[in-house]
Amino acid sequence: MLLVLVQFDSVAQCAMCRTTVESTISNGRSNIATGLNTGILYLLSAPYLLVGAIAFLWFRQSKKEQQERIARFKIRQKVSQILGQ
């Protein structure tokens, strides 16, 4: 949680990518840098989407199991009330 809240600058590009970006920015063209940053964000989003999908499916499955347990409990209560009378 601390890593999520604390922000710091980091350089996470390979040397060749960094050189290409620096040379194109110094020439006044930033389209390559923008494309590279967009690609990095695209690749970064895939693991988060995968974890989110797994969490959603897990939550939905546990919700179904909980509803089944509640239904069985209510049936047991009705049966015990009928047999008790």
Side-chain angles (χ1 to χ4, degrees):
M1 190 63 164
L2 181 64
L3 291 175
V4 172
L5 297 175
V6 175
Q7 296 180 1
F8 54 90
D9 292 332
S10 64
V11 180
Q13 295 176 345
C14 68
M16 293 185 71
C17 295
R18 183 180 175 136
T19 305
T20 303
V21 169
E22 286 176 353
S23 69
T24 57
I25 288 176
S26 67
N27 291 336
R29 298 179 306 177
S30 64
N31 58 356
I32 293 178
T34 304
L36 183 61
N37 286 336
T38 304
I40 290 170
L41 290 175
Y42 175 73
L43 291 173
L44 179 69
S45 67
Y48 287 104
L49 290 174
L50 182 64
V51 169
I54 290 171
F56 173 74
L57 293 173
W58 185 11
F59 174 76
R60 192 174 69 179
Q61 182 66 26
S62 67
K63 191 80 167 170
K64 284 181 184 178
E65 289 176 1
Q66 182 182 15
Q67 289 175 349
E68 289 174 1
R69 278 183 267 155
I70 290 172
R72 281 184 278 170
F73 179 72
K74 287 181 180 180
I75 291 172
R76 285 186 200 138
Q77 279 184 333
K78 288 181 183 179
V79 169
S80 65
Q81 286 176 355
I82 291 172
L83 294 177
Q85 291 177 353

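Keep in mind that what you see is a predicted model, and the values were worked out from it rather than measured.
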Co-members of Leu57 in a cluster of I, L, V, M, F, W and Y side chains, linked at under 4.5 Å: Phe56
Members besides Ile54 in its Ile/Leu/Val/Met/Phe/Trp/Tyr cluster (side-chain heavy atoms under 4.5 Å): Leu50
Set of residues satisfying side chain to side chain contact (heavy atoms under 4.5 Å, CB included) with respect to Gln67, sequence neighbours excluded: Lys63
Under the side chain to side chain contact (heavy atoms under 4.5 Å, CB included) test, residues paired with Ile70 that sit two or more places apart: Gln66, Lys74
Non-neighbouring partners of Val51 that pass side chain to side chain contact (heavy atoms under 4.5 Å, CB included), sequence neighbours left out: none
From NZ (Lys64) to CD (Gln61), nearest 0.5 Å: 6.0 Å
